[in-house]
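Only one structure is covered here, and it is reproduced in the block below.
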Amino acid sequence: MIRSLRGMNDILPPDNARFEYFLDTAASVAKRYGFTYIETPLLEETALFKRSVGESSDIVGKEMYQFTDKGDNDVCLRPEGTAGVVRAFVQNKLDRAGGIHRYFYHGPMFRYERPQKGRLREFHQFGCESFGVQSVYEDVTIIMMIADILGALGIGYRLKLNSLGDHNCMPQYREKLVGFLDAHEAHLCEDCLRRKATNPIRVLDCKNERCQIIYKKAPKLINNLCESCNSDFDTLKHLLEENGIVYEIDTHLVRGLDYYSKTAFEFVSDDIGAQSAIAGGGRYDRLVEFLDGRATPAVGFAIGIERLLELIAMPEASREGYYMGAMDTESLPQIMQLAKQKRMTQNVIVEYSPKSLKAHLKGADRIHARYCVVIGENERTEGKVWVKDLEAKTEAVIEAEAL
RNA sequence: GUGGGUGUAGCUCAGUUGGUUAGAGCACCAGUUUGUGGCACUGGGGGUCGUGGGUUCGAAACCCAUCAUCCACCCCA
């Protein structure tokens, strides 16, 4: 038997209903916030991700589905959504057009990782990207939008917040931190020594207890922000408070992708296992430039759809649609015609084998149909149909055209 | 990439210190006699016990390998 590849799943009932419900909900909220749908290719030039996500990240370093195509191009399946949207933004010269551009997207992402609960090799994200707004108010709006989406789905969460500084204060802080790490080099774990060289900010996220004890005394980025970063972060916090959004500051929140600056946030759930991040994002003011566009401030996020699925509170399923059947072979053609008519506006399932009324009712009930329509000999000779509303438990024999 | 757990019916799982035709519940199909659903009852279909070796008179069970899957580390959505 041929199986799907490891970490790549089919989405079947009943999860597909949740999946669809999530997309409907998220897209309609995003539209209310002025975002429009954008679709970009699943396959992109490898260089795009190297330059945006960053070579020091695990995603680019070891998790990409990368290969050479028949035209000898170095390509890979997208491991995340932002890079492609930014590429599209630049390629279509929207950076030069000026103004504000807001997009949302959804679709599969690919990362070659060892699968576990909440972590797949092919998974789906819903994300938004906003271009051209410098104001931290946009960051707040985006966070409120995620809260709206999660709220509409009945999903509880904790919001973690941090500021990563900008090209002004971050490099200075980095130096300060490296100085601190040099002073404690003898006591650091191997991973941290490696991180010190590649991406020193990441050491703060180290799970090693001995390292964490040391880092308690490490300089904190949040205390080393420049004036504008600091005041933006304050504004962000105040606005969130005023809008009733509870957050916690997590100075160790260092998004894994290199392009973030200033605002970084992560929505986590405590109910879904070790892979607890359900949404993450932040500001990436330099990324458009990195991808050869004109400097454009931007902020965005992505939601991991599979991680939400089991948390979604679905609206109660009600009886829906029609079940149609005949009691004798002669009546079957009429059922087919009735079904054709009704399908202009309604869901209709037709039972093709003639059977007793009782058996039809059983069948209609099993598929949760609202109405059971049956034609027997009596109805056929009179040009009528028998209809029962399985919810109201009422029934009637009516003219076929009146159905 | 590293560690641990688990593979028996469509699903959830039993299966005694190795013993004869491998079971249950749910689901599915059919029936319970005149044209009335959910309940109940009766019957039925469906399994090369993940795969390949080995030990044994005999393996679903014990051993080895392999594959798959799950969980965790790592990292992240």
Side-chain angles (χ1 to χ4, degrees), chain A residues 1-9 12 14 22 53 56-63 78-82 106-127 146 157 160 189-191 194-195 199 202 205-208 253-257 260 264-269 272-281 300-309 311 319 323 325-328 331 353-372 374-379 386-397:
Chain A
M1 179 178 54
I2 296 176
R3 301 181 47 94
S4 66
L5 298 176
R6 163 176 288 204
M8 303 200 178
N9 295 155
L12 304 167
F22 167 81
V53 179
S56 74
S57 69
D58 277 16
I59 292 177
V60 169
K62 50 187 187 189
E63 296 174 1
R78 63 182 184 193
E80 58 99 48
T82 301
H106 55 80
M109 307 295 162
F110 302 85
R111 295 183 195 172
Y112 195 88
E113 297 183 88
R114 190 80 172 265
Q116 71 180 78
K117 186 175 175 63
R119 189 171 70 186
L120 299 165
R121 288 185 172 179
E122 180 187 27
F123 60 101
H124 296 77
Q125 287 186 336
F126 174 93
I146 300 168
Y157 59 84
K160 295 187 187 176
C189 72
E190 268 183 46
D191 283 342
R194 182 173 43 80
R195 292 185 184 112
N199 196 342
R202 291 265 184 81
D205 209 22
C206 183
K207 300 292 191 291
N208 188 309
L253 175 63
V254 180
R255 319 248 58 249
L257 294 68
Y260 287 112
F265 59 83
E266 198 166 279
F267 285 73
V268 299
S269 165
I272 54 171
Q275 305 302 317
S276 58
I278 52 179
F301 74 91
I303 291 176
I305 302 179
E306 282 87 349
R307 288 187 185 174
L308 289 187
L309 251 34
L311 299 171
R319 287 187 175 278
Y323 168 103
M327 294 181 65
D328 52 19
S331 306
S353 32
K355 47 178 83 172
S356 70
L357 185 65
K358 181 179 184 143
H360 280 308
L361 281 162
K362 225 174 195 171
D365 186 53
R366 201 180 49 244
I367 63 163
H368 287 103
R370 173 77 191 267
Y371 300 99
C372 180
V374 176
I375 298 183
E377 195 184 344
N378 301 347
E379 289 79 12
W386 178 89
V387 192
K388 180 160 187 176
D389 179 334
L390 296 191
E391 200 168 280
K393 300 182 202 293
T394 54
E395 61 181 87
V397 175

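Note that the structure is predicted; figures quoted are calculated from it, not measured. So you know, we letter chains A, B, ... as the sequences are listed, proteins then strands, and number each from 1.
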Residue met sooner reading RNA chain B from 5', once A/Lys355 and A/Asn9 are mapped to nucleotides: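 The residue closer to the strand's 5' end, by nearest nucleotide, is A/Lys355.
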
Residue met sooner reading RNA chain B from 5', once A/Arg114 and A/Ile272 are mapped to nucleotides: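 That would be A/Arg114.
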
Nucleotide paired to B/A9 in any strand shown, Watson-Crick or G-U, under 3.5 Å: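 Per the H-bond distance test, none.
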
Under 3.5 Å on both distances, the Watson-Crick or G-U partner of B/G45: none

Base B/C67 to side chain A/Arg6, donor-acceptor N/O within 3.5 Å cut-off: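 Checked by distance alone, the answer is no.
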
Any donor-acceptor N/O pair under 3.5 Å between B/C75 base and A/Gln116 side chain: no

Side chains of A/Asn9 and A/Glu122 in contact at under 4.5 Å (non-hydrogen atoms):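 No; the side chains remain at least 4.5 Å from each other.
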
Student check: side-chain heavy atoms of A/Phe265 and A/Ile146 closer than 4.5 Å: yes

Touch class at under 4.0 angstrom, heavy-atom based, for A/Glu306 against every strand present: nothing

Touch class at under 4.0 angstrom, heavy-atom based, for A/Leu308 against every strand present: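 Since no nucleic acid heavy atom lies under 4.0 Å of A/Leu308, the category is nothing.
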
Short side-chain N/O contact to B/C75 OP1/OP2 from A/Arg111, under 4.0 Å: no

Distance in angstrom units between A/Met8 CE and B/U69 P, rounded: 11 Å

Contact letters for nucleotides 31-38 of chain B, in which S counts primed atoms plus P, OP1 and OP2 and B counts the base, heavy atoms under 4.0 Å: -B--BBBB

C1' spacing across the pair B/A14 / B/U6, given as an integer number of angstrom: 16 Å

